[in-house]
Structures are given as structure tokens and as C-alpha cells.
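Notes for the one structure printed next.
FYI, the numbering just counts along the sequence from 1.
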Amino acid sequence: MQNIPVENIKEAADGLRAIAHELRLSVLCHLMEGPMCVRELMEATGSPQSNLSQHLAKMRMMGLLEREKRGQEVYYQVTNPAYCELIASLKKIYCSDECQ
């Protein structure tokens with residue numbers, strides 16, 4: 001078995017910590033379908049705007065999301081398609097067929 005560099009382990013742990021919050025994980029699940037604006041994410045997650053905005057900012061700082069201003073709306077999307085693969089794997093483990 002080959003050794004995995006410590007830096008890679010630390011980076012993976014940081015990435016997992018970044019999504020290890022119910023709201024952040026929910027946001028990523030919804031963004032797998034494509035970009036969404038803050039209003040849509042509020043409706044989808046049931047989170048108040050102030051709480052959602054804090055988590056969106058944190059996810060941007062961690063490199064999970066990017067944003068784009070379109071008129072009056074700010075749209076968010078996942079920065080790396082590999083995160084969608086990770087979320088899809090989590091869905092296979094933790095969700096029944098109706099949330100696939």
C-alpha cells in the first residue's frame with residue numbers, strides 16, 4: 001500500500017469539515033442541479049437569509065462555491081465537479097431512493 005502524503009490527508013479533512021454542517025451539506029445537494037440564487041436556496045433549505053449568507057460566505061472562502069451577480073440576484077454554484085461526485089456518493093450511502 002502506498003503512503004498518502006500528510007498534506008493530502010489534511011486537505012481532505014479540511015474539505016470534509018467544510019461540508020460537515022447540515023445547512024452547508026443541504027446547499028451543496030441543491031446546487032448539484034445547477035446554479036441557484038440566494039432566494040431559491042432560502043426556499044429550498046428553509047434557512048433565514050442571514051444564516052444562509054454566513055454559510056455561503058464560509059463556503060466561498062473554503063473554495064466550495066463561486067458566485068455570479070446576475071442583475072439584482074447573486075447565483076451560487078459548486079466550484080469543482082468532484083464535490084458533486086462526493087455528494088452523490090453521500091446520497092447513495094445516506095438517502096433512500098426518493099432523494100437520489
Side-chain angles (χ1 to χ4, degrees):
M1 180 196 266
Q2 87 182 51
N3 289 334
I4 301 172
V6 173
E7 305 83 42
N8 293 50
I9 298 292
K10 288 181 180 180
E11 186 176 346
D14 288 343
L16 291 171
R17 272 191 293 278
I19 66 170
H21 185 280
E22 293 170 16
L23 180 56
R24 292 193 296 265
L25 188 55
S26 178
V27 166
L28 287 174
C29 287
H30 290 292
L31 291 178
M32 283 181 63
E33 303 301 318
M36 294 176 75
C37 68
V38 174
R39 178 186 44 78
E40 293 169 325
L41 287 168
M42 286 172 49
E43 291 171 6
T45 63
S47 177
Q49 191 269 333
S50 59
N51 189 33
L52 180 62
S53 291
Q54 289 177 3
H55 284 281
L56 290 171
K58 186 169 191 168
M59 293 171 77
R60 275 191 20 248
M61 287 182 358
M62 294 173 154
L64 296 173
L65 302 180
E66 59 189 13
R67 69 180 182 175
E68 176 186 349
K69 183 112 168 144
R70 298 181 193 169
Q72 297 295 321
E73 301 279 0
V74 177
Y75 281 78
Y76 287 86
Q77 65 184 17
V78 178
T79 57
N80 184 338
Y83 286 116
C84 291
E85 293 174 28
L86 175 60
I87 298 302
S89 294
L90 290 171
K91 280 184 169 185
K92 285 180 186 175
I93 295 168
Y94 294 105
C95 289
S96 59
D97 290 338
E98 65 265 9
C99 72
Q100 295 294 324

Subject >> Interatomic distance, Leu56 atom CG to Asn51 atom CG [nearest 0.5 angstrom] >> reply: 9.5 Å
**OP:** Might you confirm whether atom CD of Glu11 has over 12 heavy atoms from other residues, nucleotides or ligands at distances under 6.0 Å?
**Re:** no
Original post:
Which heavy atom in Glu40 sits nearest to a heavy atom in Pro35, and how many Å separate them?
Top reply: OE1-O, 4.5 Å
Original post:
Which pair of heavy atoms, one from Leu52 and one from Val38, lies closest together, and at what distance?
Top reply: CD2-O, 3.8 Å
Original post:
Roughly how far, to the nearest 0.5 Å, is the CZ atom of Arg60 from the OG1 atom of Thr79?
Top reply: 11.5 Å
Subject >> Cluster overlap Leu16 with Leu23, hydrophobic side-chain contacts below 4.5 Å >> reply: yes
Subject >> pair Ile19-Leu86: side-chain heavy atoms closer than 4.5 Å >> reply: yes
**OP:** Dump the intermediate steps for side-chain contact (heavy atoms from CB on, under 4.5 Å) on Val78 and Ile87, then the final yes or no.
**Re:** CA-CA 11 Å; Val78 178; Ile87 298 302; over 6 Å; no
Subject >> Rounded distance (nearest 0.5 Å) linking atom CG of Leu25 with atom NE2 of His55 >> reply: 12.0 Å
Original post:
Any side-chain heavy atom of Leu28 within less than 4.5 Å of one from Arg24?
Top reply: no
Original post:
Is the side chain of Ser47 donor-acceptor paired with the backbone N or O of Met42 at a distance under 3.5 Å, no angle test?
Top reply: no
**OP:** Could you tell me the separation between the CD atom of Glu66 and the CE atom of Met59, rounded to the nearest 0.5 Å?
**Re:** 12.5 Å
Original post:
So do Glu43 and Arg39 actually touch side chain to side chain, heavy atoms under 4.5 Å?
Top reply: yes
Original post:
Do you know the tightest heavy-atom contact between Cys84 and Met32?
Top reply: O-CE, 3.6 Å
Original post:
Is it true that a side-chain atom of Ser89 and a backbone atom of Glu85 form a donor plus acceptor pair closer than 3.5 Å?
Top reply: yes
Original post:
In Å, rounded to the nearest 0.5 Å, how long is the span from OH of Tyr76 to CG of Leu31?
Top reply: 10.5 Å
Original post:
Does a sphere of radius 6.0 Å around CD1 in Ile4 hold more than 12 heavy atoms from other residues, nucleotides or ligands, not counting ones at 6.0 Å or beyond?
Top reply: no
Original post:
For Lys10, does the NZ atom sit with more than 12 other heavy atoms under 6.0 Å from it, leaving out its own atoms?
Top reply: no
